[in-house]
Amino acid sequence: MCSSDLSIMGIVVLRTVEEVRAYHNKVVAEFYEKNHRFPTIGFVPTMGALHQGHLSLIKKARENNDIVMTSIFVNPKQFAPHEDFAAYPRTLEADCKLIESVGCDAAFAPTDEVMYPKEPKYLTYVTIEGSDSVSEGAARPGFFRGVATVVTKLFNIVQPTNAYFGQKDGLQAIMVKQFVRDLNIPVTITVCPIVRAEDGLALSSRNAYLSPEERAAAPALYKSLCAFRACFEKGERDVQTLCQATRDSLAAEPRFKIDYLSVANAVTAEELSGKLCDAQLKDGIFVSIAAWIGTTRLIDNIRSEERR
Ligand code: PAF
């Protein structure tokens with residue numbers, strides 16, 4: 001089995017769907033023989049270039065499951081042609097060391113050809129209606145179609161009991177919950193808090209693109225969301241005024257150019273405007289921002305329940 005194991009890392013690295021199926025059958029059978037019940041499988045899908053944010057998800061999966069698997073795959077279907085697919089950091093060996101250090105059992109690291117074969121041609125996509133009309137979806141048309149397609153495929157391949165996503169990609173988490181519910185996929189989704197650097201910057205694989213000067217300026221993005229929160233906590237409910245406080249805060253760091261600033265329902269992702277009323281606040285609000293600093297696009301968000 002698993003002929004392509006990277007055994008030096010002490011972690012099982014599975015390269016094909018057949019290897020994942022064989023691994024799954026073996027570990028389930030072994031666990032059943034010992035424990036007389038089926039194991040729970042916790043799964044953390046990633047695109048690699050792992051940092052403490054990803055590791056927090058794997059740790060959560062480790063705490064709550066018998067077997068922990070991750071995937072490391074830079075999914076071409078969620079990048080537009082002008083985006084950073086080719087430049088996206090690929091650091092498989094370092095990633096394996098990290099996931100091993102937090103107790104992951106196996107990683108699925110397929111090639112593009114395994115996920116989207118050319119022969120016979122790959123043709124099937126998962127589309128969430130309306131996902132291209134809100135914040136990150138509107139800024140990156142086709143992004144959520146790519147995410148929903150690859151995550152559905154990964155769920156079918158890995159067959160997890162529980163899957164873990166980061167609040168850092170907050171709209172992605174909302175979309176994943178949506179298609180899992182709509183398609184009756186038998187997996188429970190857990191969304192884990194954003195992991196931030198000391199200075200407040202949300203950890204992201206794309207932080208690696210920042211020059212030292214940009215990195216020093218980058219915490220201004222989270223500070224702008226804190227300005228939203230401060231204004232909200234003072235009782236302001238007008239979305240335009242709350243957004244203006246956020247923009248004014250970010251304007252203090254002129255290197256940033258805002259791509260979008262969005263206030264949405266935290267469950268449905270429906271955009272909110274005007275004065276927020278109690279009914280709109282019931283589900284929680286999700287405030288998200290994307291901004292360019294030099295050639296790097298950073299995203300961040302807060303939810304009305306989130307406290308630091
Ligand atoms: O959040 C990510 O890293 C990716 O969008 C995901 C969920 C692994 C799908 O490619």
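Counting starts at 1 for both ligands and their atoms, in listed order. Numbering starts at 1 and runs along the sequence shown. It should be emphasised that the depicted structure is a prediction, and the values quoted were computed from it without experimental measurement. Basis for what follows: all heavy atoms, side chains included, without hydrogens, waters or symmetry-related copies.
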Original post:
Should the pair Glu63-Lys59 be classified as a salt bridge under the 4.0 Å nitrogen-to-oxygen rule?
Top reply: no
Original post:
Should Gln78 be counted as touching ligand 1, given the test is an N or O pair under 3.5 Å?
Top reply: yes
Subject >> Salt bridge present between Lys34 and Asp66 (N-O < 4.0 angstrom) >> reply: no
Original post:
Can you tell which part of Thr46 has a heavy atom less than 4.0 Å from ligand 1: side chain, backbone, both or neither?
Top reply: backbone
**OP:** Test the Arg303-Phe228 pair against the cation-pi criterion, namely NZ or CZ under 6.0 angstrom from the six-membered ring centroid and within 45° of the ring axis.
**Re:** no
**OP:** Report, in ascending order of atom number, the atoms of ligand 1 lying under 4.0 Å from any heavy atom of Val150.
**Re:** 9 (C), 10 (O)
Original post:
By number and element, which atoms of ligand 1 are closer than 4.0 Å to a non-hydrogen atom of Asp169?
Top reply: 1 (O)
**OP:** State whether Tyr32 and Arg37 meet the cation-pi test: NZ (Lys) or CZ (Arg) under 6.0 Å from the six-membered ring centroid, and within 45° of the perpendicular axis.
**Re:** no
**OP:** Please indicate whether any nitrogen or oxygen in Gln172 is less than 3.5 Å from any nitrogen or oxygen in ligand 1.
**Re:** yes
Original post:
Nearest protein heavy atom to atom 3 (O) of ligand 1, by residue and atom, and its distance?
Top reply: Met47 CG, 3.6 Å
**OP:** Please assess Asp259 against Arg140 for the test salt bridge (Lys or Arg N to Asp or Glu O under 4.0 Å), listing each intermediate value before the final yes or no.
**Re:** CA-CA 11 Å; Asp259 186 3; Arg140 302 180 67 189; over 6 Å; no
